[in-house]
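This report refers to the structure that appears directly beneath it.
What you see below is based on every heavy atom in this structure, not just the backbone, and it leaves out hydrogens, waters and symmetry mates.
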Number of protein chains: 2
Amino acid sequence: MSSKPTTITEIASILNISASTVSRALHDHPSIGLTTRSKVKKLAKELNYEPNQTAIFFQKGKTYTIGVILPELSESFFSTAVSAIEDTAYKKNYTVLLAQSHDSELTEKQLVEKMKNHRVDGLLVSVAKNTSTFDHFRSLEKYNIPIVFFDRVPEIPDIHYVGCNMETGTIEAVNYLLKKGHRAIGMINGPKTLLASGQRREGYIKAMIGNRLKFDPSLVVSCDLTEDGTKEALNELLASKRKPTAIVTFNDYVSLFAIKYARSLNISINTDLAFVSYANLPLINYMDHTPVASVEQFPYLQGQKATDILLDLLNQKNLKTQEHAAYYRIIIESQLIENKKGFL
Amino acid sequence: MSSKPTTITEIASILNISASTVSRALHDHPSIGLTTRSKVKKLAKELNYEPNQTAIFFQKGKTYTIGVILPELSESFFSTAVSAIEDTAYKKNYTVLLAQSHDSELTEKQLVEKMKNHRVDGLLVSVAKNTSTFDHFRSLEKYNIPIVFFDRVPEIPDIHYVGCNMETGTIEAVNYLLKKGHRAIGMINGPKTLLASGQRREGYIKAMIGNRLKFDPSLVVSCDLTEDGTKEALNELLASKRKPTAIVTFNDYVSLFAIKYARSLNISINTDLAFVSYANLPLINYMDHTPVASVEQFPYLQGQKATDILLDLLNQKNLKTQEHAAYYRIIIESQLIENKKGFL
DNA sequence: AATATTTGCGCAAACGTTTGAGCGTCTTTT
DNA sequence: AAAAGACGCTCAAACGTTTGCGCAAATATT
């Protein structure tokens, strides 16, 4: 019934050769003759030999596991990012250990500890929205566990990351709205701890100034990304002197919260008040009242790049290249996508 | 810089005792005296000792990894199920190896092979929608790797599974519509390979007959769950002699596709044509035109139960209980949830 | 024909932990 | 006081693989 898997040693004893020869033969080591090599491979195939990964992991002192810590798996952005991470890692025989911080700084810290204990080879992190200290990540580097941040990148120096530059997309977004005739353009931004919030703000300012318009700080408010927070933010904007006719929101969820609330105030979406957002979630395809445009952040690409970088770092470590040249800072340019829905 | 982690042997040599004593002390083995035990634990804490998992995995001949194969991670149902699996597994020191079949039978087979090679201890599977043969799963059992199916459960005997009984929810759904006065109730069902499709059909029939209504087979059509397939199915229903005033759809996506298409035909949703669906996706909260009710399938609970069962099976295996009593068949009753939206 | 080089393989150690068996030493029982 | 038992610890093997080193035989170089 439960036939034990074949081992290298068994193959060796059957062929009356040493285990090391078998190992080398299977790895096409040049010092093994063609005849024995083919004999070994033939028998291995016959016996359905599969290398014992746990033994290899142990022997190599590596787990071939990369940890992934992100806020919320059920968010479409992250699940497609994970999908990319998974695909990329699998191709190089790496396994993905997944964990969600649920956007809590405390949980995030605990997870970092757990990952360390699990001896992951490296870590991919998208930080919780309110994480304010970053010592827990620094400590991992002491253990020689490289970290690559993606998407939610903290504003600290000397880290590897791949992020999406929100500035370009934001400039495009504001320009788009200006072209449509809007002048009072509001922004519901995210928490100030996030790099992306700063970029959005910068993009907003640059676009305004680039069009010889003055920047009105009261039109940019931040929120905590919750439904209630969005309501407050929208109230604030609607109460401002120059009532905006268009609003750029931090992401699609905020946008949908805002749209929902605005409709409850009998504001007609995209005629009285137009929305532009970020993320371009698939659920937008099902909606009736949606942002007129959305800034795509390329989650699959981000996940892929981040994993590539991490695997590269792990190889560097292998090669004992103590001085890795520099920090990877991959920036993907965001891109405004106009929302072309059917007639809905 | 890269301080190597402490090992049991190091602790042993510092205290001038044997490694086995240290190991036993840390595990509170009764044969170790109180004094040495506390000495060991104290030093272990000081040196920040963390057991080398790879060594333990290797030694125990287990990977402490459970594989998860599911169709699509980005579907909200599965991502919350994975969330549950992850949580449950982590508590027992298990790691989750994730893979997506993208609803392809071929990919699924390849993944099963990969999982075997990775020596996962057990497998959690939700099958691809068109998987028709199941030998690839059977072969794993020969290797003593237990499988627990969840949600998308194949219709084959002698398997462990946790599923959601769609019959009850469907009966509730049809009763609900009947109560609202509908008489011509259509159903857009899923592929016939899925157990859940049969259950929905059964529930539909039982509800009709239970209300002394005759069952009209032309009102139940199946579709492949794609947008185009949904259109076809809806066309078919609309063309039938008794044009339905309400439709029960296989899941929320199908429902939304159908609603989208129906609106394009100028059919007024929930007045001309009411929809009831399954899954109760969060995105429903953002929609304007949604099903009036949805059958909840409890993804978190399913993931949790399935993991519990798998871990239990793994323990049985440990205890060399060759004859495991029987097959786990956990069935969670689905439940109709009325869609109480604000004024939207 | 003698020396140098290559080719093909085996030996043994190493990775860190767990665990059955063994063995002194101290305490208890008769 | 001798036998029996409990206690506390050590020894050594085992898990499967990789890899530096060494050694013989075959081949190539003078």
Side-chain angles (χ1 to χ4, degrees), chain A residues 2-41 43-44 47-65 93 117-119 121 143-144 318-320, chain B residues 2-41 43-44 47-65 93 117-119 121 318-320:
Chain A
S2 63
S3 52
K4 296 286 162 240
T6 319
T7 73
I8 272 190
T9 336
E10 284 168 21
I11 297 183
S13 75
I14 292 179
L15 293 175
N16 271 324
I17 57 181
S18 79
S20 45
T21 304
V22 175
S23 171
R24 282 189 251 253
L26 292 172
H27 286 87
D28 286 321
H29 193 280
S31 84
I32 302 298
L34 186 62
T35 48
T36 35
R37 178 188 320 214
S38 47
K39 263 198 301 183
V40 168
K41 287 196 174 178
L43 185 60
L47 297 179
N48 242 312
Y49 169 75
E50 296 289 350
N52 182 331
Q53 299 290 350
T54 65
I56 295 175
F57 295 166
F58 171 52
Q59 209 280 141
K60 296 220 166 181
K62 293 183 58 178
T63 55
Y64 282 90
T65 299
N93 202 30
N117 297 355
H118 253 270
R119 298 271 206 279
D121 290 343
Y143 279 87
N144 218 356
N318 252 10
L319 299 172
K320 265 98 183 173
Chain B
S2 61
S3 51
K4 296 286 164 238
T6 319
T7 73
I8 271 191
T9 335
E10 283 168 21
I11 297 183
S13 76
I14 291 178
L15 294 175
N16 271 324
I17 56 182
S18 79
S20 44
T21 304
V22 175
S23 173
R24 282 190 247 256
L26 292 172
H27 286 86
D28 286 319
H29 194 281
S31 83
I32 301 299
L34 186 63
T35 48
T36 35
R37 179 190 317 215
S38 48
K39 261 197 301 182
V40 168
K41 288 197 175 178
L43 186 59
L47 296 181
N48 245 310
Y49 169 75
E50 297 288 351
N52 182 332
Q53 299 290 350
T54 65
I56 295 175
F57 295 166
F58 171 53
Q59 208 281 140
K60 296 220 167 182
K62 294 182 59 178
T63 56
Y64 282 91
T65 299
N93 202 30
N117 296 356
H118 254 270
R119 298 268 207 280
D121 289 342
N318 251 11
L319 298 172
K320 265 100 186 173

- prompt: Yes or no on side-chain contact (heavy atoms from CB on, under 4.5 Å) for L47(B) and E10(B), after CA distance, side-chain angles and deciding distance?
  reply: CA-CA 10 Å; L47(B) 296 181; E10(B) 283 168 21; 5.7 Å; no
To the nearest angstrom, how far is [X] atom [atom1] from [N] atom [atom2]?
X      : N       : atom1 : atom2 : answer
I56(A) : dT17(D) : CD1   : C1'   : 7 Å
H27(A) : dT17(D) : NE2   : C1'   : 9 Å
E50(A) : dT17(D) : CD    : C1'   : 15 Å
I17(B) : dT17(C) : CD1   : P     : 13 Å
E10(A) : dC15(D) : CD    : P     : 10 Å
N52(B) : dC15(D) : CG    : P     : 19 Å
L15(B) : dC9(D)  : CG    : C1'   : 13 Å
F57(A) : dG16(C) : CZ    : P     : 17 Å

So, [X] side chain and [Y] main chain: donor-acceptor pair closer than 3.5 Å or not?
X      : Y      : answer
S23(B) : A19(B) : no
S38(A) : L34(A) : yes
R24(A) : H29(A) : no

Audit row: L15(B), T36(B), side-chain contact (heavy atoms from CB on, under 4.5 Å) steps and yes/no: CA-CA 9 Å; L15(B) 294 175; T36(B) 35; over 6 Å; no
- request: Check the pair T54(A) / T54(B) against side-chain contact (heavy atoms from CB on, under 4.5 Å), numbers first and verdict last.
  value: CA-CA 7 Å; T54(A) 65; T54(B) 65; over 6 Å; no
With 3.5 Å as the limit, what N/O pairs link the protein to nucleotides 19-29 of chain D?
unit_1  : atom_1 : unit_2 : atom_2 : d
dG20(D) : O6     : R24(A) : NH2    : 2.5

- prompt: Where the side chain of S18(B) is defined as all heavy atoms beyond and including C-beta, which of dG16(D), dT10(D), dT17(C) is the nearest nucleotide?
  reply: dT10(D)
query: With F57(B), which residues qualify under ring pair (Phe, Tyr, Trp, His ring centres under 6.0 Å), at least two apart?
result: Y64(B)
message: Using a 4.0 Å cut-off on heavy atoms, which residues in residues 29-39 of chain A reach DNA chain C? List them by number, or say none.
response: S31(A), I32(A), G33(A), T36(A)
- prompt: Under the criteria of a ring-centre distance below 5.5 Å and an interplanar angle below 30°, is F58(B) stacked with the base of dC15(D)?
  reply: yes
message: dT17(D), OP1 or OP2 - any side-chain N/O from Y49(A) closer than 4.0 Å?
response: yes
query: Got a second to check how far I56(B)'s CD1 is from T63(B)'s OG1, nearest 0.5 Å?
result: 13.5 Å
query: Any ion pair linking D121(B) and K60(B) (charged N to carboxylate O, less than 4.0 Å)?
result: no
